[in-house]
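Inspection log for the structure reproduced underneath, given as structure tokens.
For the numbers below, each heavy atom of this structure counts, side chains included, while hydrogens, waters and symmetry mates do not. Just so it is clear: chains get the letters A, B, ... in the order the sequence lines come, proteins before strands, and each one is counted from 1.
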Amino acid sequence: MNSMPEFENNNAARYTPSEIEPKWQARWDADPALYAAGPHSAGKPKFYCIEMLPYPSGVLHIGHMRTYAVGDTLARFMWMRGYNVLHPMGWDAFGLPAENAALKNGTPPREWTLGNIAAMRTQMRRMGFSYDWAGTEIATCLPEYYRWNQWFFLKMYERGLAYRKSSKVNWCPKCATVLANEQVVDGCCWRHEGTLVEQRELEQWFLRITKYADELLDGLDAMPGWPEKVRTMQRNWIGRSEGARVTFDVVPEPKEQGTEIREQERQHIAVFTTRVDTIFGATSVQLAPEHALIKQWAQTDAVLARAVDEMIAQQKAAREAGDIGTIEKKGVSTGRYAINPFNGERLPIWVANYILADYGTGAIMSVPAHDARDFEFAQKYGLPIKRVVAPNLDTDDLELPYTDEAESVLVDSGEWTGEASLEAQDKMARFAEEHGFGKKTTTYRLKDWGVSRQRYWGTPIPMVYCKACGIVPVPEDQLPVLLPEKIEITQEGGSPLSRVPEFVNVACPKCGEPARRETDTMDTFVDSSWYFYRYTDARNAHAAFDSAKANYWFPIDQYIGGVEHAILHLIYSRFWTKVMRDLGLIANSEPATRLFTQGMVIKDGAKMSTSKGNIVSPDLMIAKYGADATRMYALFAAPPDRDLEWQEEGVAGISRFLARVYRLTMKFAAAVEEEQTTANAEGAEGTRKNAEESDAGRTLLRVLHQTVAKITEDFNGRWHFNTCIAAIMILVNEISAREAAIDAGEISAGTVAEVSRTLILLLAPFAPFMAAELWEQMGNDSVLLRQPWPEADAELARESVVEIPVQVNGKLVTVVKVAADADDETIKAAAFADEKVAARIAGKTVVKTIVVKGKLVNLVVK
RNA sequence: GCCGGUGUGGUGAAAUGGCAGACACAACGGACUUAAAAUCCGUUGGCGCGAAAGCGCCGUGCGGGUUCGAGUCCCGCCACCGGUACCA
């Protein structure tokens, strides 16, 4: 037995995250004030940082974990920078999976959901995320929260922003329920693959988001802190297009001729077009298969009826196959005609499968010469193609379809011939309006938000239907309308709540007579549309939140989440913000100044997901490598906005790095103590004496301060945490390389103390458990999170000698060393003095010398 | 089709228009060990020359351009990933 090495081994501090992490987790859990935001009057600048709240599915996924690691690292940094930080967490706790779980194993949705929340909260605590649980945690399925959904709904109803109308909805015949658009996958139910979703006409509640369409769209231009991608997606989703509506009269049926047609019996077709300037080129009118007139005509026209049915069936099939965009254009003539109000031409009316019923008016004028789709259609069916726009009046040969409008003029367009396209659009629309057959119109792709769901696990819509009084809102003082908890979830159709008599039967709030409650619940996107306001005042029992608190914290300084919410959640919550502003509750018009969308986590080349079976469990990672290594790897492996390939070897690498840091730092603890003792004795801030420090010590200090500067800069700007961590690794490598010198006392205790101390501070946002442990082991009893972030000392960070690459004609020849503050002439001289340079330029003429101070020299020779 | 994004070693990736491949992972070689693990040290873009120190050439998806100088900027392509899809 040779005891010497073993002795040393035993003496070296071993990094044991399995001991350190639970110890600190317990301490942090026991101190609710640790992550609580300070008072508003504290004189500190505020920083409101949120990661999108998760759905409590039961397991924290490594993809979530990455998002939270990004937010947590930033929040910790901002704490240390002296900001008043609000960093909340909550649960998007309503939704269909809870009902599915109930169906599958009989667990009541509430129980299932709260159980999942508890499990995930534990996972998050294990990761060491700095959430103010006590002050902010919310679960949207609790009455304390959802009563305010109901309250907002009533406010919107009062203002005409919530209304009820009959509308088409997605209906799964197997679930016997309405589905949200996002639950329709390739035309089928997400739970019943292969079961086509039907369109059913139902009475539904809608929120009038279209009232804010222009503001939602225009606001995007003034949001530089949001990714361009998200803004573009929202612009497309809102889909504003300016054009004109033009009314075409339908020519009466021959059989009707001779008899007097009364004005109210006349039929009209309104078409929407963005190119009214091309109207002289219209050669047919095309209606959507679902258009009201088609339905009417089909009643007496069996051939038409069959054709329309076929079209609708075919569209369904195409949707099922997922290739709705590539479906072949098909149409059938209705045998009827419409009159072009501009020139009196008689145009055949067709029904065509490429006309969308729910966009514009569900009808178009077909201008084959100037629209690619109309062109394709006209060619297929031999409809005339009439050119009415050209680059100029003399154009003979022109490839069709010709769709340019910016530099085109009208031809063969009667009195409008010669007009520029863009101007004609405006003039012709006004002409139509003056003559009563049209109007300038703006159309949006965005539709009002249908919020009714025939489901159980959601917020009850606070409305009552009374035979005598009609729709009666539940009075505010009767909120919340509680969701009954004892309910059997079955496969039966219709709203589950409609089968709970105690819930349904209610006295009319107005007249007191027996009435029925609304049994639909709200879309869960309502819950997440305003939750971040609730965080600012989460325990308020009298209001959704206190305006003063919301106004202090809003807008959110940094919102972090997945790009998959770019449209739905992020439009709904912008809408909600504007409504709340108009209700006088808040002062801001947009919820978040900056939005960050992190990349996906990839495993084996595919997005990590349960269905692909390539899930990595954070718990397993924590058990093997610790939470610090797990979260640090998630930040190190790629910049946060990029997709991240999860490689376990990488986590192992980080954990080795942390072990090295731990061992080194623990070893220097003695030096730190010595330093502190001396400092106390001298009453000064430190004993470092730079002038007397060894070269090794000075180099170490230089690297240290360079690292501080780099990380501080990256936190404030680009968020490239991967290079921040790399910088810390470089620093640790430098320390490691000087371990022997430190052991030999060649570097002063003051320097060793400063380096160790600062290293811990730098690690604090990335590896909070280990940093806290080391901080304590160094003899500090202060809270690491409350320590000020280190300041980079520019003087110490400065290099005295720099290496300047020398190029000849742009090609690297050598590197020369010069003083960091050398002037151009000195650098130039050093370059010319170099042998290799001399050899390279021998016999040639130097025509130009470029000196970039501190960077390089380039000699241009001939 | 349209809108984003990405293309750099065996892999993840670095690089305000200024030494391409930092920092890691993996691999290989070595030290320690009876052995292994752990740890530490070293090598690692390609090709060529050299006994070696070293030296030369090529190299950031492809083709052009701007510049003293391009992974980076401009023009035109290609591939992959994501979103969207007949929006009149």
*Considering residues at least two apart in sequence or located in another chain, which fulfil the side-chain hydrogen bond (donor to acceptor under 3.5 Å, both in side chains) criterion with Y381(A)?*
none
*Reckon D643(A) touches a base, only the sugar-phosphate, or nothing at all at heavy-atom distances under 4.0 Å?*
sugar-phosphate
*Are the charged groups of K330(A) and E310(A) less than 4.0 angstrom apart, N to O?*
no
*Which heavy atom in T247(A) sits nearest to a heavy atom in P341(A), and how many Å separate them?*
O-CG, 3.4 Å
_Any F832(A) side-chain heavy atom under 4.5 Å of I841(A) side chain_ = yes
*N/O donor-acceptor pair under 3.5 Å between D277(A) side chain and L422(A) backbone*: no
*Check the distance between A13(B)'s C1' and D641(A)'s CG and give it to me in whole angstrom.*
13 Å
*In whole Å, what separates the C1' atom of A14(B) from that of A22(B)?*
5 Å
*Would you kindly say whether S736(A) and N733(A) are connected by a side-chain donor-acceptor distance under 3.5 Å?*
no
Can you check nucleotides 53-58 of chain B for protein contacts, nitrogen or oxygen pairs under 3.5 Å, and list what you find?
unit_1 : atom_1 : unit_2  : atom_2 : d
C55(B) : OP1    : K836(A) : NZ     : 2.8
C58(B) : OP2    : K811(A) : NZ     : 3.0

_Tell me every residue that passes side-chain hydrogen bond (donor to acceptor under 3.5 Å, both in side chains) with R387(A), counting only those two or more places apart in sequence or in another chain._
none
*Go along nucleotides 21-29 of chain B 5' to 3' and tag each nucleotide: B for a protein heavy atom under 4.0 Å from its base, S when only backbone or sugar atoms are that close, - otherwise.*
-BBSSS---
_Just to verify, what does R642(A) make a side-chain hydrogen bond (donor to acceptor under 3.5 Å, both in side chains) with, not counting sequence neighbours?_
none
*At under 4.0 Å between heavy atoms, what does P227(A) touch on the DNA or RNA strands: base, sugar-phosphate, or nothing?*
nothing
*Write down the distance separating the C1' atoms in C28(B) and G82(B), rounded off to the nearest Å.*
38 Å
*Rounded to whole angstrom, note down the C1' distance from A13(B) over to A26(B).*
14 Å
Please output the side-chain donor-acceptor pairs of residues 278-288 of chain A that fall under 3.5 Å, not counting sequence neighbours, one pair per line with the distance.
unit_1  : atom_1 : unit_2  : atom_2 : d
T278(A) : OG1    : R275(A) : O      : 2.7
T283(A) : OG1    : P384(A) : O      : 2.9
S284(A) : OG     : Q286(A) : NE2    : 3.0

*Please report, rounded to the nearest Å, how far the C1' atom of A85(B) is from the CG atom of L356(A).*
10 Å
*For the pair made of CG in L644(A) and C1' in C81(B), what is the distance, rounded to whole Å?*
15 Å
*Do M365(A) and V246(A) pass the side-chain contact (heavy atoms from CB on, under 4.5 Å) test, and can you show the C-alpha distance, the side-chain angles, and the key distance before you say yes or no?*
CA-CA 9 Å; M365(A) 60 178 200; V246(A) 181; 5.8 Å; no
*Is there a donor-acceptor pair under 3.5 Å between the side chain of H370(A) and the backbone N or O of Y402(A)?*
yes
*In whole Å, what separates the C1' atom of G18(B) from that of U33(B)?*
49 Å
_Could you tell me if Q706(A) and E799(A) have a donor-acceptor pair between their side chains, going purely by distance under 3.5 Å?_
yes
*asked:* I need the full list of side chain to side chain donor-acceptor pair (under 3.5 Å) pairs touching residues 629-640 of chain A, with sequence neighbours left out, sorted by first then second residue.
replied: D72(A)-R631(A)
_Carboxylate-amine/guanidinium contact R231(A) E228(A), below 4.0 Å_ = yes
*asked:* Heavy-atom nearest nucleotide on RNA chain B for T273(A) versus P639(A): which residue maps closer to 5'?
replied: P639(A)
*I602(A) CD1 to U11(B) P, straight-line distance once rounded to whole Å*: 17 Å
*Does K329(A) make a cation-pi contact with Y354(A) (under 6.0 Å, within 45 degrees of the axis)?*
yes
*Would you mind classifying the nucleic acid contact of I804(A) as base, sugar-phosphate or nothing, using non-hydrogen atoms under 4.0 angstrom?*
nothing
*Reading RNA chain B 5' to 3', what string of ( ), [ ], | and . shows its pairs, if Watson-Crick and G-U wobble pairs count only when both distances fall under 3.5 Å?*
(((((((..(((.....[....))).(((((.......))))).(((((....)))))..(((((..]....))))))))))))....
*Supply the atom-to-atom distance L759(A) CG to F668(A) CZ, rounded to the nearest 0.5 angstrom.*
10.0 Å
*Roughly how far apart, to the nearest Å, are C2(B) and A88(B) at atom C1'?*
16 Å
*Between atom NZ in K667(A) and atom C1' in U39(B), what is the gap in whole Å?*
13 Å
_Among residues at least two apart in sequence or on other chains, which ones pass ring pair (Phe, Tyr, Trp, His ring centres under 6.0 Å) with Y444(A)?_
none
*asked:* With rounding to the closest Å, how many angstrom separate the P atoms on G65(B) and G59(B)?
replied: 15 Å
Set out, line by line, the N/O atom pairs under 3.5 Å between protein and nucleotides 59-61 of chain B.
none

*Send over the distance from R235(A) CZ to G83(B) C1', rounded to a whole Å.*
16 Å
*Taking every non-hydrogen atom, the tightest pair across D714(A) and C724(A)*: CB-SG, 3.5 Å
*In residues 357-366 of chain A, which ones come under 4.0 Å of RNA chain B, going by heavy atoms?*
Y359(A), I364(A)
*May I have the distance from L347(A) (atom CG) to A88(B) (atom P), rounded to whole angstrom?*
21 Å
Contact list (N/O, under 3.5 angstrom) for nucleotides 3-8 of chain B vs protein:
none

*Which part of the nucleic acid does V860(A) contact within heavy-atom distance under 4.0 Å: base, sugar-phosphate only, or nothing?*
sugar-phosphate
*Say you pick atom P in C62(B) and the same atom in G54(B); how far apart are they, in whole Å?*
31 Å
_Ignoring hydrogens and geometry beyond distance, is the side chain of K329(A) in donor-acceptor contact with the base of C86(B) at under 3.5 Å?_
yes
_Same-atom distance (C1') from G12(B) to G7(B), integer angstrom_ = 15 Å
_Parallel, tilted or perpendicular: rings of F715(A) and F766(A) (30°, 60°)_ = tilted
*Which heavy-atom pair separates Q234(A) from L220(A) by the least distance, and what is that distance?*
OE1-CD2, 3.6 Å
*Decide yes or no for I654(A) and Y625(A): does some side-chain heavy atom of the first lie under 4.5 Å from some side-chain heavy atom of the second?*
no
*May I have the distance from L635(A) (atom CG) to A13(B) (atom C1'), rounded to whole angstrom?*
15 Å
*Anti/syn call for G29(B), syn if |chi| within 90°*: anti
*NA contact type, E564(A), heavy-atom cut-off 4.0 Å: base, sugar-phosphate, or nothing?*
nothing
